[in-house]
Structures are given as structure tokens and as C-alpha cells.
Amino acid sequence: MCRLTHRGLLVVIPEATYMFAVAGLNLSLAGLAGLVATLRRGSAGQFSAMDRFRLREIVEFSFANALFALAVVPMSTTIGSSETAVRILSASVIAYQVAFVFVLVRRQMARGLPIGRGWAVFIGLLNFLIVLAAGAGIIWATVAAYQWLLLLLLARPMVAFVVVLASFEHPGDDPSD
């Protein structure tokens, strides 16, 4: 259990260990993306434009997710309330999701990369679940809602990573179509 004091208030965040673990998983995923990029460059194979796009997406999402996971503890102690911290961070996740999806779509269209229907539906559903969990965090301000939110945020780069790895099996094919 993590007990933090702030201006005489006791702020208890027993789930802090979970937050730190999720942050570590996100950073590990970003590191794996870098490792895949290094190994792929060292081999005879080349990255497709879609692989480069997805590896960059993985790293960007993973770094942001790690910050969202780590921010809850210092924000709770600064504000003196884990409920208010969950509300603020959940709202921040919604703003981030909307902005970053817009950036990704623009980047994908600028590079002329196809948006596979299956991928778009799956990611659309995942993004909807992320916004739903963030909405639960705003409304109920529970750490449990924020934990679900972090889990769903972790799923986003994980799915992209699996798609990149699957594309190595059949170079030139995009398994997300």
C-alpha cells in the first residue's frame, strides 16, 4: 500500500504498484519496438512504410501511456485527492486520444498508407472503450476505472506491435486489412 501525505492529508493509493507496472510494460513495449527496428535494419529485409508508421505509433502511444500511468501518484499528492486526480487524468486521456487519432489519420493519409477496414473497425472499437473507461473515471472518479483505462491504453500499442510482427511473416502483406 502506498501512503502519501500532503499538507497534513493522508492520500492512500494502494493501487500505485499497478500503475508503476503498467508504466513499465509500456516502456518495455517501446523498447521492443526499437529492438525490432534495429534487428530489421540489420537484416536483409527492409521496413515497409506501414511498418515504420506503426513502429512510430507504438513508441508514441507507449510513452504517453507511461506518463498517464505514472502521473496519478504525484497528481494525487499535489492535489490531495486521488478522486480529483483520476478525473483530471481521465479527461486528459480523452483529449489526448482525440488529438492523437487525428494526428495519426493525417499522417497516414499524407503518406498514402491504406487504412484497412478490419483494422479501422477494431481500433475504432478499442478507442470507444478507452473513451468509455475515461468517462467512467470522470464520472465515478475511482481508481478501478482508471486501472481499466490504463489496461485499454496498453492494448492499443500492443495490438499495433502484433500487427507489425505478423507482417514480418509475409513481407508486403498488411495483416490488418
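- Rounding to the nearest 0.5 Å places CG of Leu35 at 12.0 Å from CG of Leu29.
- Crowding of Met75 atom CE: a count of heavy atoms from other residues, nucleotides or ligands under 6.0 Å exceeding 12.
- The aromatic rings of Tyr96 and Phe100 lie parallel to each other, with less than 30° between the two planes, well short of the 60° mark.
- Contact annotation: the side chain of Leu113 never approaches that of Arg107 to less than 4.5 Å [non-hydrogen atoms, C-beta and beyond].
- Residues Gly135 and Ile94 come closest through the heavy atom pair N-CD1, 4.2 Å.
- Under the 3.5 Å distance criterion, the side-chain polar atoms of Arg87 are left unmatched by any main-chain donor or acceptor of Gly137.
- Using a 4.5 Å heavy-atom cutoff, the side chains of Tyr18 and Val143 are not in contact.
- Smallest separation of non-hydrogen atoms from Ser90 and Tyr146: OG-CD1, 3.7 Å.
- The main-chain N or O of Pro114 is found under 3.5 Å from a side-chain atom of Gln108 such that the two form a donor-acceptor pair.
- Among all heavy-atom pairs drawn from Ala160 and Glu57, the shortest one is CB-OE1, 4.1 Å.
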Open item on the list: Walk me through whether Val22 and Phe68 qualify under side-chain contact (heavy atoms from CB on, under 4.5 Å).
Closed with: CA-CA 10 Å; Val22 169; Phe68 284 124; over 6 Å; no
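- Heavy atoms only, all atoms of each residue included: Val59 and Ala30 are closest at CG2-O, 3.9 Å.
- Leu32 and Leu27 fall into different hydrophobic clusters, where Ile, Leu, Val, Met, Phe, Trp and Tyr residues are linked whenever their side-chain heavy atoms come under 4.5 Å apart, directly or through other members.
- Using modelled atom types, no side-chain atom of Arg106 and backbone atom of Phe102 make a donor-acceptor pair closer than 3.5 Å.
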